[in-house]
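This structure is a prediction, so every number in the text was calculated from the model and none was measured. Letters A, B, ... mirror the listed sequences (proteins, then strands); counts begin at 1.
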Number of protein chains: 2
Amino acid sequence: MTCFELPATVALAASRTRALGFWKRLQTKVDEEVTVSGIEDVASLAGVSKATVSRALSGRGYVSVETRAKVSDAAHRLGYVVSSSASSLVTGRTNNVGVIIPRINQWFFGSILEGVERALLDRGYDLMLYNVSKTVEERSKVFEYFLVRKRVDAVIAVTLEITPAETERLVGLGKPIAGIGGPLEGIPTVSIDDVAAARLATEHLLLLGHRDIVHVGGDVDEQMDFHVHSKRLKGFLEALTAAGLPHDENSYLATRFDIPGGYRVGKQLLGDPRRRPTAVFAAADEVAIGVILAARELGISVPDDLSVIGIDNHPLSDMFGLTTVEQRPDLQGEHAVDWVIRQLEQPGWSPDAGHAFAPTRLVMRSSTAPPRPRAGS
Amino acid sequence: MTCFELPATVALAASRTRALGFWKRLQTKVDEEVTVSGIEDVASLAGVSKATVSRALSGRGYVSVETRAKVSDAAHRLGYVVSSSASSLVTGRTNNVGVIIPRINQWFFGSILEGVERALLDRGYDLMLYNVSKTVEERSKVFEYFLVRKRVDAVIAVTLEITPAETERLVGLGKPIAGIGGPLEGIPTVSIDDVAAARLATEHLLLLGHRDIVHVGGDVDEQMDFHVHSKRLKGFLEALTAAGLPHDENSYLATRFDIPGGYRVGKQLLGDPRRRPTAVFAAADEVAIGVILAARELGISVPDDLSVIGIDNHPLSDMFGLTTVEQRPDLQGEHAVDWVIRQLEQPGWSPDAGHAFAPTRLVMRSSTAPPRPRAGS
DNA sequence: GAAACTTATGGAAAGGTTTCCTGAACCAGG
DNA sequence: CCTGGTTCAGGAAACCTTTCCATAAGTTTC
């Protein structure tokens, strides 16, 4: 790989003067109308007391319709907005929910985040984002310094291992918590049933007549592992065993959960014709797509020579004709939001089960077919 | 596409009882130690006044080392954390920065978000996420109801068209704003120089000897367009013109900015041998990858029969050997954070240019090569 | 040895809401 | 006409910090 440096960072835009001018104009404008109005101003403009303004705008307590109209008119005229600090100081509620997520730029995590965000905004909560990798220091920094700092009403932890001490701390503060993507000890969690999903995928291949299947998953010992890898492997093996098929160390290959990871392992697995299975069950669609790309490059036809199935229903799956077990991370996010907000809004309520399983379904496309009858047998 | 419904949503985890037991135990624990200590408790335990506690913990003002030790010890023993509502009520600072972003689950946006998040957390700020699409209602809801509600100190707007009125509103509140990804009227913005990047990519192809180049970009009229599409087209055309090459309406094709979008257009463009160019400049790597996949499927060799170049240096580009003009959205995010925090922490400061251009560089891989000598000429 | 600083601490005010409590007005029922 | 309930509105307390001001002790400086 060769690289050319682009001349340099150009510091000034072509339209500098114009943009700058506009900017400065706005800046001075600030100085003029620096007056930010408080509830008192609204009260006097509307000719009522602060208490009435508060009731009128929040919708709590008795306020006559005329008064309410006067107040909201005055508030609007003054451009008044309530100070959330003051408000939450007295109510004890911040209307924020903290979301801890290890990664953003990956389909599964991005989708969760989108779902959580949508659900929170719909219900009038703001989302505070903490992108925390597995580094212990980083995590404890977030826990001790940020989260706990009375800045959030509840916490949603995505695929994050939280120590019992941290859990206790959070729960001890009376903040609802929910997890997504893996069972957190002591925290209600929503995820798909990984064992069942893997079993379903494997059974699909078995049903088509495949007997020689390899599972490409994540590294079971990997630190990132959230029991996901081991569970999907478990479902795979369960299905094989139920079908009376043997398995050995060659039945399973570990790789990174992305397209290059699947490609690498695909090249390696499919390169040797004697070792080549008739079907591959990949633990994630991106891995499956990598395997398909490797197969294409090796001149192996999918599904004629090789069937491939994944899990996720990733946006790219349709283009590659990938048969897959669909999951909806965004809905899992919404579910978690439901839980914490429910706990917030009706105290005493708590999810009646420690774990909710999100639905999955088999989406059949063109990457799976019955195995080609063997020449030798 | 056929779908099988998985049996149903299973409502209970296998480990229900255990998980539930733990959960309940923690719940009751709450009732016992419901006492949340305030600054007063810390003060009396440390034997000092509230004022001293505040100074000791915040690090502002004079406090002797022994006193500071006593106070922090007491605070730690009581598990005391300052109430951010109370604190920001008096200081007027929330330590939050709002980020408005139209999409999360796409490399460019996800990377920006990761960069912004990292930079904010490093500097002790929290990030409030607003995932706002272009819907006018949704946007105004965020603006009027959330953002403005005195919940953020500053705003970073990613690729978002903000009306002058909205800008004025924000600036009028004295909140620093920065944009990423496109010039916002009146808001300092950081992005790459799209025209220059497109010119660089095109010049690379020209330098290799290509004379028949097609540009696959985004729809210039699309509402999502943030002048990005038109600017990259402009750079392309500039380079052609500078090289003395003509161009017509066949020189440019519009599609969606993702792999399937590139694939679709690639199939269509490359399907007709007479129309097929010797090189394609795609406005984004994902589009370029789609074109490569289409070429492979049509038996067109890259780079022997067709050179392809993109913009981004997407994580998948390396695997596809894609030559590209690299940009770093995460660094652009950090730059924007620098700007707003600087404005926050040294009032009066403002970026000296309305626009900062992030660096780009050409990354050469194996998808570009000199065109094959024509049989006919 | 007094004046001028520097360092350390406490008391009290301020910041902008929400909510409790109280009182007035109004209406229906006996 | 009186009682009790409902609706409406205001005064004031409470929420929990930070910061201003004042005081006092210790340290330099001429």
### Query
Looking for any heavy atom pair under 4.0 Å, which part of the strands does R55(B) touch: base, sugar-phosphate only, or nothing?
base

### Query
Which residue lies toward the 5' end of DNA chain C, T52(B) or S83(A), if each is placed at its nearest nucleotide?
T52(B)

### Query
Roughly, in whole Å, what's the span from NZ in K50(B) to C1' in dT19(D)?
12 Å

### Message
Between P on dT17(D) and CD on E40(B), what's the gap in Å once rounded to a whole number?
### Response
9 Å

## Note on the structure
Separation of dT7(D) atom C1' from R68(A) atom CZ, nearest Å, is 12 Å

### Message
What is the separation between atom CZ on R60(A) and atom C1' on dA9(D), rounded to the nearest whole Å?
### Response
17 Å

### Query
Heavy atoms under 4.0 Å, any strand shown: does S64(A) hit a base, just sugar-phosphate, or nothing?
sugar-phosphate

### Query
Can you tell me if S49(B) and T52(B) form a side-chain donor-acceptor pair at under 3.5 Å?
yes

### Task
For S58(A), enumerate each residue passing the side-chain contact (heavy atoms from CB on, under 4.5 Å) test, keeping only those at least two apart in sequence or located in another chain.
R60(A)

### Query
Within the structure shown, what part of the strands sits under 4.0 Å from T67(B) by heavy-atom distance: base, sugar-phosphate, or nothing?
sugar-phosphate

### Task
Quick one: list whatever passes salt bridge (charged side-chain N to carboxylate O under 4.0 Å, His left out) with R118(B), sequence neighbours left out.
D330(B), E334(B)

### Message
Test your reading of the model: is there a side-chain donor-acceptor pair from S54(B) to the backbone of K50(B), 3.5 Å cut-off?
### Response
no

#### Entry: Separation of dA24(D) P from Y62(B) OH (nearest whole Å)
19 Å

#### Entry: SB check R123(A) D338(A) (cutoff 4.0 Å)
yes

## Note on the structure
Taken to the nearest whole Å, OH/Y80(B) to P/dC16(D) is 10 Å

### Task
Without swapping roles, check the side chain of S37(B) against the backbone of L78(B) for a donor-acceptor pair under 3.5 Å.
yes

### Query
Any sub-3.5 Å donor-acceptor pair from D153(A)'s side-chain atoms to T94(A)'s backbone N or O?
yes

### Query
Under a criterion of less than 4.0 angstrom to any heavy atom of chain A, what are the 5'-terminal and 3'-terminal contacting nucleotides of DNA chain C?
dG16(C) to dC20(C)

## Note on the structure
Winner on side-chain proximity to A51(A), out of dT18(D), dT17(D), dG11(D), is dG11(D)

## Note on the structure
Taking for V90(B) and for V48(B) the nucleotide of DNA chain C with the nearest heavy atom, the one nearer the 5' end belongs to V48(B)

### Query
Side-chain N or O of S54(B) less than 4.0 angstrom from OP1 or OP2 on dT18(D)?
yes

